[in-house]
Amino acid sequence: MAMSEFEKQMKKLESEGVISRAQFLQIMAAAGAVFALGTDKAYAAKSSTKGKIVIIGGGAAGISMAAQLKRKLQNPDITIIDPSSRQYYQPGFTLIGGGVYGADDVWKPQEDCMPSGVKWIKDKATLIHPTQNKVDTANNGTLAYDFLVVAPGVKYDWSRIEGITYQTIGAGNAHTIYDHRGAQMTWKAMKEFSQKGGKGVFCDTFTKHKCGGAPKKISLLTWDNCRKNEVLDNIDLHYYTASKQLYDVPHFTPRLEEIYRERNIPVDVNCRLRGIDTEAKRAYFERVETDAEGNKTYTPFTESYDFMHFMVPQCAPDFVRESGLSWTEGKLAADGWVMVDKHTLIHKTYPNILSLGDVAGIPTSKTSAAVGKQLPIAVENLIALMEGRTPEAHYNGYAACPIVTDYGHVLMCEFDYDKKPQITFPLSLLDMSKEQWVAWLLKVYALKPIYFNLMLKGLY
């Protein structure tokens with residue numbers, strides 16, 4: 001978004017009495033002070049401990065972890081295994097899908113994001129041998145490690161939705177922003193739908209997934225586009241969630257539910273997407289109901305649509321489960337998430353292995369903001385292990401989900417493992433139980449530069 005647009009939005013904020021330019025600058029200055037404090041920590045006394053560290057994954061968690069470790073260790077020996085040619089700011093996919101960002105606004109060449117002095121093996125990990133401290137790769141043989149960080153992200157399991165594949169995203173006007181190409185196609189379809197109206201169907205999925213707010217954002221941005229084009233009388237929007245409620249953080253849920261009621265978008269709970277007939281434009285769901293004894297009944301139903309946005313079920317990459325690193329019982333076992341302690345991020349069986357980011361089997365939302373809070377915990381505990389100390393840093397489950405409610409407002413949901421609000425300064429100066437313009441400005445203008453210029457460089 002051009003800076004001139006930023007000026008327009010600031011003038012609108014001032015004219016509507018939402019916030020003055022001086023107040024906004026004060027909030028940004030306070031945020032800058034917080035980031036500066038985090039930056040100072042990166043230059044604290046370095047550890048002289050040594051060890052070969054291998055990091056699987058070159059996304060937000062992997063690269064940021066490498067960058068922070070490089071700053072903390074006197075003699076770093078760090079290798080990243082990752083096959084990607086591009087580093088995507090994935091939270092920006094929603095803004096591509098809503099027409100705010102362009103396709104090239106959210107990525108940089110991967111080589112430009114790799115920390116200097118860190119070895120990058122552009123390859124895929126295929127298997128981990130945790131008892132032998134080795135990692136197999138597709139094309140570069142086997143690597144030994146002393147300490148391993150598992151951060152490869154998620155796998156999109158297209159086999160769990162019949163009738164559509166990664167290659168056929170967009171067929172039958174069924175779209176997903178969980179892909180760079182898919183986000184671009186979503187915007188084109190949303191724009192066309194909002195000009196003529198019709199029936200829109202939006203849904204999430206039944207597995208744990210990253211950025212759980214994204215499907216909600218697309219449904220609300222679609223409504224706002226229809227409002228702008230004055231076709232609200234010609235639309236019929238429906239939201240289906242596999243969860244038992246629209247949102248499960250009590251501090252923010254009432255306002256979000258109120259927004260859906262105000263916009264006449266009914267919310268159906270306990271509904272799982274099972275398939276899409278892209279030729280007939282029909283979505284196949286099942287409603288899951290549980291009785292007092294815990295017995296489940298599954299009732300299938302179908303919905304026709306003109307425009308659809310869906311989420312693909314997600315799980316850990318296959319090699320994680322095949323390596324014996326996954327949970328074997330409990331809610332996190334079914335999809336293979338890495339079995340780590342939810343506070344220390346250290347593997348429960350192999351103490352020289354840590355995991356963070358989307359693949360970590362911890363009961364919090366999978367967001368880049370969560371990764372940002374996990375990073376210093378993982379770094380501190382890894383160095384403690386290397387030095388032979390007891391890891392004492394604890395992660396409280398902090399995650400943030402900036403739910404875009406329209407073009408200009410964001411409900412910034414910040415919370416911990418207990419689903420209690422953990423509103424960070426300077427947003428704590430405002431009532432964040434309601435959508436705010438300031439949060440929109442942060443989402444659109446601030447978070448992406450923070451990601452590329454601070455987080456990936458180990459400064460946040």
Donor-acceptor side-chain pairing of K122 and S85 below 3.5 angstrom: yes
Do D179 and Y166 pair up side chain to side chain, a donor and an acceptor below 3.5 Å, judged on atom types alone? yes
Using the test salt bridge (Lys or Arg N to Asp or Glu O under 4.0 Å), find all partners of E435 that sit at least two apart in sequence or belong to another chain.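 Result, salt bridge (Lys or Arg N to Asp or Glu O under 4.0 Å) vs E435: R255.
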Counting only heavy atoms not in K420, do more than 12 sit closer than 6.0 Å to its NZ atom?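 Not more than 12 within 6.0 Å, no.
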Does K457 have more than 12 heavy atoms from other residues, nucleotides or ligands lying within 6.0 Å of its NZ? no
Does [X] come within less than 4.0 Å of [Y], counting only side-chain N to carboxylate O?
X: K419; Y: D248; value: yes
X: E192; Y: K188; value: yes
X: R160; Y: D335; value: yes

Nearest atoms (heavy-atom pairs only) where D431 meets Q436: O-NE2, 2.8 Å
For the student: nearest non-hydrogen atoms of K208 and W337, plus distance: O-CZ2, 3.7 Å
Would F285 and Y240 count as a ring pair (Phe, Tyr, Trp, His ring centres under 6.0 Å) if you check the C-alpha gap in whole Å, the side-chain angles of each, and the deciding distance to 0.1 Å? CA-CA 9 Å; F285 292 91; Y240 297 93; 4.6 Å; yes
For the residue pair R274 and Y298, would you count it as a cation-pi contact if the rule is NZ or CZ under 6.0 angstrom from the ring centre and within 45 degrees of the ring axis?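 Negative - R274 is either too far from the ring of Y298 or too far off its axis.
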Axial cation check for Y398 ring with K373, 6.0 Å and 45° limits: yes
Looking only at atom types and distance, does a side-chain atom of W327 sit under 3.5 Å from a main-chain N or O of G361, one as donor and one as acceptor? yes
Given K199, R282, H238, the one that forms side-chain hydrogen bond (donor to acceptor under 3.5 Å, both in side chains) with E303: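 Answer after filtering K199, R282, H238: K199.
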